[in-house]
Amino acid sequence: MARITFKSGDDYALRLMKTANRSEELMKRSIYAGAKVLADKIRDNLEAGLAGSKTSTGALAASLGITPITEDRSGYWNAKIGFDGYDGRGVPNQLKARVLESGSSRVKKRPFVAPALRASRKTALEAMAKVIDDEIKKNMKG
């Protein structure tokens, strides 16, 4: 955490208030930064897993996205990472991703989401903390 020195309590209180007033925006930016790290790793794993496939068009990776950040009834802020839309034959991209991740009676499983989450959890938390720390430093300096 940053070390900041102030000469008067009023100045400190005003800067804390400024940071607190922007807390919603700060939380959303932080959550998005973490979700972006996770989504990028999921996309990389998906593309690596489908690299040798003759039928891969890249549409599944292109359909991966992050939902808008919302607050639930309990006061928690959330964003979801997932697949949207349908392929050329009308098959939902969510279903195709689920079959790749878990397998089926005809398709051998090729997990790409779970390994991405395990590998990038720490990096995502660090990205979120960096956004928050940078914003607090900026607000507290004036």
Side-chain angles (χ1 to χ4, degrees), residues 1-51 53 55-142:
M1 195 80 178
R3 181 177 178 183
I4 301 169
T5 307
F6 292 100
K7 296 190 183 203
S8 77
D10 291 339
D11 187 34
Y12 181 72
L14 286 173
R15 290 178 187 198
L16 276 178
M17 218 164 183
K18 179 181 175 186
T19 302
N21 289 341
R22 298 184 62 217
S23 63
E24 185 175 320
E25 174 194 343
L26 178 58
M27 284 186 286
K28 287 181 178 182
R29 287 186 21 216
S30 174
I31 292 168
Y32 183 76
K36 184 176 180 332
V37 169
L38 294 173
D40 289 345
K41 184 64 175 171
I42 291 170
R43 186 175 288 111
D44 291 345
N45 283 3
L46 175 61
E47 290 171 350
L50 295 176
S53 176
T55 59
S56 176
T57 63
L60 184 60
S63 72
L64 181 67
I66 302 170
T67 63
I69 299 166
T70 58
E71 184 178 13
D72 65 14
R73 291 183 207 156
S74 302
Y76 293 103
W77 291 88
N78 302 295
K80 296 178 183 177
I81 301 170
F83 296 89
D84 189 31
Y86 298 87
D87 70 359
R89 291 184 274 168
V91 178
N93 286 327
Q94 293 173 344
L95 177 62
K96 290 170 52 176
R98 182 69 181 171
V99 168
L100 279 173
E101 182 73 15
S102 302
S104 73
S105 60
R106 295 185 218 173
V107 179
K108 182 180 176 185
K109 69 178 181 177
R110 293 182 267 176
F112 62 97
V113 175
L117 296 178
R118 281 191 302 272
S120 60
R121 180 182 313 249
K122 186 177 179 183
T123 308
L125 290 172
E126 289 170 355
M128 292 171 69
K130 182 176 178 354
V131 168
I132 291 170
D133 287 345
D134 290 348
E135 187 66 26
I136 289 172
K137 284 179 192 176
K138 185 173 86 176
N139 286 342
M140 296 308 271
K141 285 185 182 179

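Remember, predicted model here, so these are calculated numbers, not experimental data.
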*Mind checking what makes salt bridge (Lys or Arg N to Asp or Glu O under 4.0 Å) contact with K28, not counting sequence neighbours?*
E24
_Least distance between heavy atoms, Y86 atom then N93 atom_ = N-ND2, 3.7 Å
_For a quick test of reading the model, state the closest non-hydrogen atom pair linking I66 to Y32 and the distance between them._
CD1-CE1, 3.8 Å
*Sequence neighbours left out, what pairs pass salt bridge (charged side-chain N to carboxylate O under 4.0 Å, His left out) with at least one residue falling in residues 118-127?*
none
*With I31 via side-chain contact (heavy atoms from CB on, under 4.5 Å) - residues at least two apart*: I69, W77, A79, M128
*Can you name the closest pair of heavy atoms from A119 and T123 and give their distance?*
O-OG1, 4.5 Å
*Can you see which heavy atom on S120 is nearest to which on L38, and at what distance?*
OG-CD2, 3.2 Å
*Kindly state each residue pair satisfying salt bridge (charged side-chain N to carboxylate O under 4.0 Å, His left out) with at least one member in residues 36-46, sequence neighbours excluded.*
K36-D40, D40-R43
*To the nearest 0.5 angstrom, please state how far the CZ atom of F112 sits from the CG atom of L100.*
5.5 Å
_Show, in sequence, the C-alpha distance, side-chain angles and deciding distance for V113 and I81, and conclude whether the side chain to side chain contact (heavy atoms under 4.5 Å, CB included) test is met._
CA-CA 10 Å; V113 175; I81 301 170; over 6 Å; no
*Can K130 and D134 be counted as an ion pair, charged N to O under 4.0 angstrom?*
yes
*Under the side chain to side chain donor-acceptor pair (under 3.5 Å) test, residues paired with S30 that sit two or more places apart*: none
*Which pair of heavy atoms, one from L64 and one from A39, lies closest together, and at what distance?*
CD2-O, 3.4 Å
*Check A124 against G34 and note the closest heavy-atom contact, atom names and distance.*
CB-O, 3.6 Å
*Mind checking whether T67 and N78 have side chains closer than 4.5 Å, heavy atoms only?*
no
*Atom CG of D133 and atom NZ of K138: how far apart are they, to the nearest 0.5 Å?*
13.5 Å
_Quick test of your reading: applying salt bridge (charged side-chain N to carboxylate O under 4.0 Å, His left out), list the pairs with at least one residue in residues 96-112, sequence neighbours left out, ordered by first then second residue._
D87-K96
